[in-house]
Undergrad: 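Take a look at this one; I'll ask things after.
First the proteins, then the strands, lettered A, B, ... as listed; each starts at 1. Below, all heavy atoms of this structure are taken into account, side chains as well, without hydrogens, waters or symmetry copies.
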Number of protein chains: 2
Amino acid sequence: MKKVTIQDIAKELNISFSTVARALNDHPAISEATKKLVREAAQKLNYRQNKLASSLRSGHSYTIGIMVPSLGVSFFSSVVHGIEKIMNENGYSILLYQSNESYESEKKGIETFLNSRVAGIIASVAKETTQYEHFFEIQKRNIPLLFFDRVAEGLQVPAVTIDDYKGGFLATEHLIRQGYKRIVHITAGQTIGIFKERLRGYVDALQLYGLPVDKSLILYGDFSLDFGRQCVQELYQKKVAFDAVFALEDFTAMGVLQQLLDYKVRVPEEVGVIGFANESFGALVTPGLSSIDQQTVPMGEAAAELFLKMLRSEDLYNNLPKHIVLDPHLIVRGSTERLASS
Amino acid sequence: MKKVTIQDIAKELNISFSTVARALNDHPAISEATKKLVREAAQKLNYRQNKLASSLRSGHSYTIGIMVPSLGVSFFSSVVHGIEKIMNENGYSILLYQSNESYESEKKGIETFLNSRVAGIIASVAKETTQYEHFFEIQKRNIPLLFFDRVAEGLQVPAVTIDDYKGGFLATEHLIRQGYKRIVHITAGQTIGIFKERLRGYVDALQLYGLPVDKSLILYGDFSLDFGRQCVQELYQKKVAFDAVFALEDFTAMGVLQQLLDYKVRVPEEVGVIGFANESFGALVTPGLSSIDQQTVPMGEAAAELFLKMLRSEDLYNNLPKHIVLDPHLIVRGSTERLASS
DNA sequence: TTGAAAGCGCTAACAC
DNA sequence: GTGTTAGCGCTTTCAA
């Protein structure tokens, strides 16, 4: 199939190709008659506009880059699902890139976005990333940049997150109200801001309720099912007394839960367990895993809406970056429910 | 920040811009000395190649379009995860589009892909779609097209799917070998081909092992957790005797499992339950839910690998379309394991 | 080993 | 209303 261009349509109709271009773009100065003719000819010849050419010439690509750690994580695929939907409805295409938590990969992806002349970039930062020049360069080029969930600290960039502090607070408060007193918190290395915030919420809740903050109950490390199991094993080895665990995210919490059950510890009677993220499995396991819901769909929508505003705003620089903070929701299930009401 | 082009680099070094272009593309005819100079100048000026221009000129976009029903479904996001990874490693960018199961939306997305001059398209067809001209047009333009999981019937297009017949057979055979005799199969209305195949596998396994095919044990309807519960309720109401359930997918199986446990039926001792899809929660629930793994990661990888071959092949037309059928894997967990070995 | 020049398909300023 | 013209930033002959 020969490539059809506006020149071919022009030849067909014996008019100039710029008239064709204008007709196809519904330019007001073109008569309805010619527009109709052009559209029919385009249809007949099976013409498709070349976005590469029009973007190159006009400087508008109507494409945005989305960078996430991994689509294999339901939280991210769910947010991308929401973003794609709204951006599409507004005429934008999505270039997708997964960092797989790697800094190098993230850098490469941002570079590809820049080379592709995207109209803007929405990103959630990789676990490994501690330097942010690649994000800074986006700003230098005056390209709209928006973070969701995982934010690069120190950069003045609009973002949509949930209130992780509040989430940490809610989870801990719930455990306290259920009568748990020695509450372990599993958290990751402190490079990722959201985990720091959850920790801060944990500490503040303890203090507000007059419980001591015991450093031996705060476990730093990683997050994964295995790490959760490992933490419980260590606590038992070191004979640390505890009666509840608040894990930074659900898979880790699930590991904790499994290891406790393996040790024949009764959950929630002896030990309570709560996670973070409200992954779908939490409702299906036994006992149900209490968690903090991260509002993935509202987050995707809020991110897309805010981003559209950024794309439309003339002076990105002068508009101070907005930070939308969504409220996390406490989800109580069997793993922490040992009192009739919380 | 002013846009930097190869012209700027050329001016900086007092050489022609075509030499710069060649140097940046590592053209063999350029001396190492100039290459080095050019690369340094590019770095210094913060040059970024304009992919729009190079793609327009060269006719190669190194971008592929991926069309899926929804990233909100873990099966699809998981496959996209795999495809993106491999295509990225091979230097391709991903344009992503969700049909949200709508025919119109799918058509629009394919059009966008065509306008963006993608090098190829990987798609899984929307539930609503029954006409396939938009896919046919991709082929007319000699652009590589590949389906995964959901195939447009009647088109000669390479595809990657799993063997759903075999999956149904494996699940049923496993139950039989575990000594279950009256095996219920829950299936959906027979419009979707994959469910028909699973049913066929179920029937054939029964017959091969000399068990009767009892119509009262085949339940037609829908798929969801609630539907699974409903099925069990009905079976009890109608006093249908059964000792195992093979559900068309995991959420339905989970509903069955929950309802059985609510009825104080012992699983797997009294009744065995197996699902299909191997959703992540299956390993986390108690008892673990046996299932048929759909090989999402291999499917993504196989799709990407086959697609790369298509992209490289000179004569798409003459190479007969391949159909890769992946083997489903039986995953045995607590919900069906009542004998020491299967 | 490098330079000159054409042109990918389109948009948009400037004519008339 | 429509045509003419000049590029957008690159790749790729053809020459030297």
Side-chain angles (χ1 to χ4, degrees), chain A residues 1-39 41-42 45-63 111-112 114-119 141, chain B residues 1-39 41-42 45-63 91 93 111-112 114-119 141:
Chain A
M1 192 183 224
K2 212 193 130 288
K3 318 250 171 196
V4 180
T5 73
I6 46 174
Q7 312 263 11
D8 299 310
I9 300 178
K11 227 172 287 165
E12 179 87 5
L13 299 175
N14 262 319
I15 54 179
S16 97
F17 77 96
S18 61
T19 301
V20 174
R22 277 185 282 239
L24 290 171
N25 290 326
D26 211 19
H27 190 107
I30 299 291
S31 75
E32 264 314 316
T34 9
K35 278 185 190 169
K36 188 152 173 285
L37 242 58
V38 168
R39 278 196 278 255
L45 297 176
N46 220 345
Y47 167 79
R48 305 251 149 226
Q49 187 197 48
N50 188 326
K51 265 188 126 192
L52 296 170
S54 74
S55 296
L56 174 61
R57 180 55 234 251
S58 70
H60 299 296
S61 71
Y62 294 104
T63 297
E111 212 153 296
T112 307
L114 256 22
N115 290 358
S116 301
R117 300 300 190 262
V118 294
R141 287 167 192 272
Chain B
M1 192 184 224
K2 212 192 129 291
K3 318 248 171 195
V4 180
T5 74
I6 46 174
Q7 314 263 12
D8 299 310
I9 300 178
K11 226 173 286 167
E12 178 88 5
L13 299 175
N14 262 320
I15 55 179
S16 97
F17 75 95
S18 60
T19 301
V20 174
R22 276 185 283 240
L24 289 172
N25 290 326
D26 209 19
H27 190 107
I30 300 291
S31 74
E32 264 315 316
T34 9
K35 278 185 190 170
K36 186 151 174 284
L37 242 59
V38 168
R39 277 195 278 254
L45 295 176
N46 219 346
Y47 167 80
R48 306 251 148 225
Q49 187 198 47
N50 187 326
K51 264 189 126 191
L52 297 170
S54 74
S55 296
L56 174 60
R57 179 58 236 252
S58 70
H60 299 296
S61 71
Y62 294 104
T63 298
S93 300
E111 212 154 295
T112 308
L114 256 22
N115 291 358
S116 300
R117 299 302 189 262
V118 293
R141 287 167 192 272

Undergrad: From the options C/dT2, D/dT2, D/dG9, select the nucleotide whose nearest atom is closest to the side chain of A/Thr19.
TA: D/dT2
Undergrad: Could you tell me the separation between the CZ atom of A/Arg48 and the P atom of C/dC8, rounded to a whole number of Å?
TA: 21 Å
Undergrad: Rounded to whole Å, how long is the line connecting atom NZ of B/Lys3 with atom P of D/dG7?
TA: 18 Å
Undergrad: Does a side-chain N or O from A/Thr34 land closer than 4.0 Å to OP1 or OP2 of D/dG1, or not?
TA: no
Undergrad: Given C/dT2, is OP1 or OP2 found less than 4.0 Å from the side-chain N or O atoms of B/Ser31?
TA: yes
Undergrad: To the nearest 0.5 angstrom, please state how far the CZ atom of B/Arg22 sits from the CD1 atom of B/Ile15.
TA: 10.0 Å
Undergrad: Is the base of C/dG3 touched by the side chain of B/Arg22 through a donor-acceptor pair closer than 3.5 angstrom?
TA: yes
Undergrad: Quick one: which of C/dA4, D/dG3, C/dT2 gets closest to the side chain of B/Ala29?
TA: C/dT2
Undergrad: Roughly how many Å is it from CD in B/Glu32 to C1' in C/dT1, rounded to a whole number?
TA: 13 Å
Undergrad: What is the distance, to the nearest angstrom, from the CD atom on B/Gln49 to the P atom on D/dG9?
TA: 13 Å
Undergrad: Whole-Å distance between D/dG3 P and A/Leu13 CG?
TA: 10 Å
Undergrad: If I take atom CG in residue B/Leu37 and atom C1' in nucleotide C/dT1, what distance separates them, rounded to the nearest angstrom?
TA: 14 Å
Undergrad: Below 3.5 Å, can you tabulate the donor-acceptor pairs from side chains in residues 7-14 of chain B to any protein atom, sequence neighbours excluded?
TA:
{"from": "B/Asp8", "atom 1": "OD2", "to": "B/Thr5", "atom 2": "N", "distance (Å)": "2.8"}
{"from": "B/Glu12", "atom 1": "OE2", "to": "B/Lys44", "atom 2": "NZ", "distance (Å)": "2.4"}

Undergrad: Calculate the interatomic distance between A/Asp8 atom CG and C/dG9 atom C1'; express it in whole Å.
TA: 11 Å
Undergrad: For C/dC8 and A/Asn50 - does any side-chain N or O of the residue sit under 4.0 Å from the phosphate oxygens OP1/OP2?
TA: no
Undergrad: So, do A/Gln49 and A/Ser54 sit near enough that their side-chain heavy atoms are less than 4.5 Å apart?
TA: yes
Undergrad: Which atom names give the shortest non-hydrogen contact between A/Arg48 and B/Arg117, and what distance separates them?
TA: O-NH2, 3.0 Å
Undergrad: Please report, rounded to the nearest Å, how far the P atom of D/dG7 is from the CZ atom of B/Phe17.
TA: 14 Å
Undergrad: Over all strands shown, is B/Ser18 touching base, sugar-phosphate only, or nothing at heavy-atom distances under 4.0 angstrom?
TA: base
Undergrad: So, for A/Thr112 and B/Ser93, which heavy atoms are closest and what is the spacing to 0.1 Å?
TA: CG2-OG, 3.3 Å
Undergrad: Toward the 5' end of DNA chain C, which comes first, B/Leu56 or B/Ser16, by nearest nucleotide?
TA: B/Ser16
Undergrad: Any base atoms under 4.0 Å from B/Thr5, or only sugar-phosphate, or nothing? Heavy atoms, all strands.
TA: sugar-phosphate
Undergrad: Students often get this wrong, so: under 4.0 angstrom with heavy atoms, is A/Leu52 touching a base, only sugar-phosphate, or nothing?
TA: nothing
Undergrad: Check this one for me: any side-chain N or O of B/Gln7 less than 4.0 Å away from OP1 or OP2 of D/dC10?
TA: no
